[in-house]
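I have placed the structure first, in the form of structure tokens, so that the comments after it can refer back to it.
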Amino acid sequence: MKTVTCTAPVNIAVIKYWGKRDIDLILPTNSSISVTLSQDILHSKTTISTSPEFSQDRLWLNGIEEDITKNKRMHNCFRETRAIRKEMEDKAESAGSPIENLSTYPVHVCSENNFPTAAGLASSASGLAALVYTLSQLYELTISTSEVSRIARQGSGSACRSLFGGFVAWEMGQKEDGSDSLAVQIAPETHWPELEALICVVSDAKKGTSSTAGMQSTIKTSPLMNERINHVVPARMEQMTKAILDKDFQSFAELTMRDSNQFHAVCLDTYPPIFYLNDTSRAIIQLIHEYNATSQDGKLKAAYTYDAGPNAVIYAPKENMAEIIQLIGHYFPSNKEPTAFFADPYQVVNG
Ligand code: DP6
């Protein structure tokens with residue numbers, strides 16, 4: 001039996017992925033950019049064992065076995081990583097130095113998140129990134145991280161961005177087979193250490209409309225979505241990349257807030273509409289704008305962003321974070337203590 005354990009971090013998009021042009025391959029209708037958060041507090045941890053003694057592929061999620069017989073996405077990840085391992089095995093065989101035929105054995109996967117699953121905290125991103133990264137380590141695949149991300153994309157779109165630390169772009173690609181739809185690192189986690197993220201857990205309840213279902217409904221029914229895909233996002237991808245490379249918080253913050261707002265606007269433009277924000281989420285948006293308006297030099301001091309749920313992520317320079325935590329604590333006293341996270345890379349715990 002061979003066993004490997006790895007962890008993968010959460011990423012929070014600043015230019016949002018919303019919409020697929022190919023549902024099976026998970027090919028997006030626009031490129032996106034995210035920041036990978038430190039995995040000290042938020043991560044998925046996955047252990048995979050493989051053995052000729054196992055009778056079938058099995059998965060335990062947070063200690064409970066899940067039926068994966070109909071889980072196409074997971075099987076795509078198994079199939080893709082096994083195919084690359086098989087090639088390695090065949091090559092080794094013909095070179096006269098065979099390696100173990102791991103690609104023919106079933107796997108047992110145990111995965112756990114140390115935060116609420118499906119509460120809009122990107123659990124599918126870290127979970128599927130951990131799955132595919134652990135498989136790549138188990139099979140000792142000699143492929144680039146972007147190639148690993150191409151496979152993780154087929155598990156959950158946003159997962160491809162969790163393969164890198166720091167600032168990451170998922171390039172939508174042009175090809176029909178998805179071979180050029182993968183993640184690339186814009187800048188490493190060491191690039192902008194002054195930038196911090198604060199997670200405000202407004203609710204840890206499971207979300208009403210899944211991202212997968214929600215985005216397809218938006219694609220089908222929202223006229224605003226065409227404008228977003230064809231005009232708004234392509235320009236923002238360039239502007240955001242530049243803002244990150246220049247460590248320009250003003251542009252970074254404005255683009256982040258505008259893109260979050262437009263993502264929630266296309267949700268509202270979906271018919272029937274999708275609501276991910278609640279009253280507390282909207283109150284936090286207002287609070288951040290009021291806080292920014294208190295700036296002496298007119299410069300933005302913080303930016304909010306929301307995924308498919310009510311929880312806020314606030315990006316700000318380190319120097320403002322204590323003040324922001326105090327403000328949030330003052331206006332939302334019943335909330336649990338918010339926590340600040342640094343951008344940080346993923347790491348292999350035990351290869
Ligand atoms: C709002 O990656 O969860 O968080 O590809 O269907 O698994 P699937 O969707 P998923 O969608 C994430 C959407 C988002 C924005 C983002 O992370 O870019």
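Both ligands and their constituent atoms are indexed starting at 1 by order of listing. Everything numeric here is computed off the predicted structure, so don't read it as measured data.
- For a threshold of 3.5 Å applied to N or O pairs, the pair formed by M215 and ligand 1 contains no separation below that value.
- Note: an N/O pair closer than 3.5 Å links S158 and ligand 1 by distance alone.
- In this structure, the side chain of D57 does not engage the main chain of P106 through any donor-acceptor pair within 3.5 Å.
- Against a heavy-atom cut-off of under 4.0 Å, R73 is close to the following atoms of ligand 1: 6 (O), 7 (O), 8 (P).
- Scanning Q216, R161, H264 for the heavy atom closest to atom 17 (O) of ligand 1 points to R161.
- Residue A13 approaches ligand 1 through these ligand atoms, each under 4.0 Å from one of its heavy atoms: 16 (C), 17 (O), 18 (O).
- In this structure, R150 pairs ionically with E147, as a charged nitrogen and a carboxylate oxygen lie closer than 4.0 Å.
- Counting the atoms of ligand 1 from 1 in the order shown, those under 4.0 Å from a heavy atom of K20 are 5 (O), 6 (O), 8 (P).
- In terms of N/O distances under 3.5 Å, ligand 1 is not approached by N11.
- Checked against the 6.0 Å centroid threshold, F275 and H264 do not count as a close aromatic pair.
- Among A308, A213, S156, S32, the residue whose heavy atom lies closest to atom 7 (O) of ligand 1 is S156.
- Residue T212 has at least one N or O atom closer than 3.5 Å to an N or O atom of ligand 1.
- Considering only residues two or more places apart in sequence or on other chains, Y291 meets the ring-ring contact (aromatic ring centres under 6.0 Å, His included) condition with none of them.
- Grouped by direct or indirect side-chain proximity (heavy atoms under 4.5 Å, Ile/Leu/Val/Met/Phe/Trp/Tyr only), M172 sits alone.
- Using a 4.0 Å cut-off to heavy atoms of I26, the atoms of ligand 1 that qualify are 5 (O).
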Practice prompt. Applying side-chain contact (heavy atoms from CB on, under 4.5 Å), run through V168 and I33 and close with a yes or a no.
Written response: CA-CA 6 Å; V168 186; I33 294 179; over 6 Å; no
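- Minimum interatomic distance between I48 and L138 (heavy atoms only, all atoms of both residues): O-CD1, 3.7 Å.
- The residue I12 has no part lying near ligand 1, judged by heavy-atom distances below 4.0 Å.
- Between the side chain of N320 and the backbone N or O of K301 there is at least one donor-acceptor pair closer than 3.5 Å.
- Put simply, no part of W170 is less than 4.0 Å from ligand 1, judged by heavy atoms.
- Taking the ring centroids of F54 and Y105, they lie at or beyond the 6.0 Å cut-off.
- Remark: ligand 1 atoms within the under-4.0 Å shell around heavy atoms of F263 are 1 (C).
- Each of the following atoms of ligand 1 lies closer than 4.0 Å to a heavy atom of S124: 3 (O).
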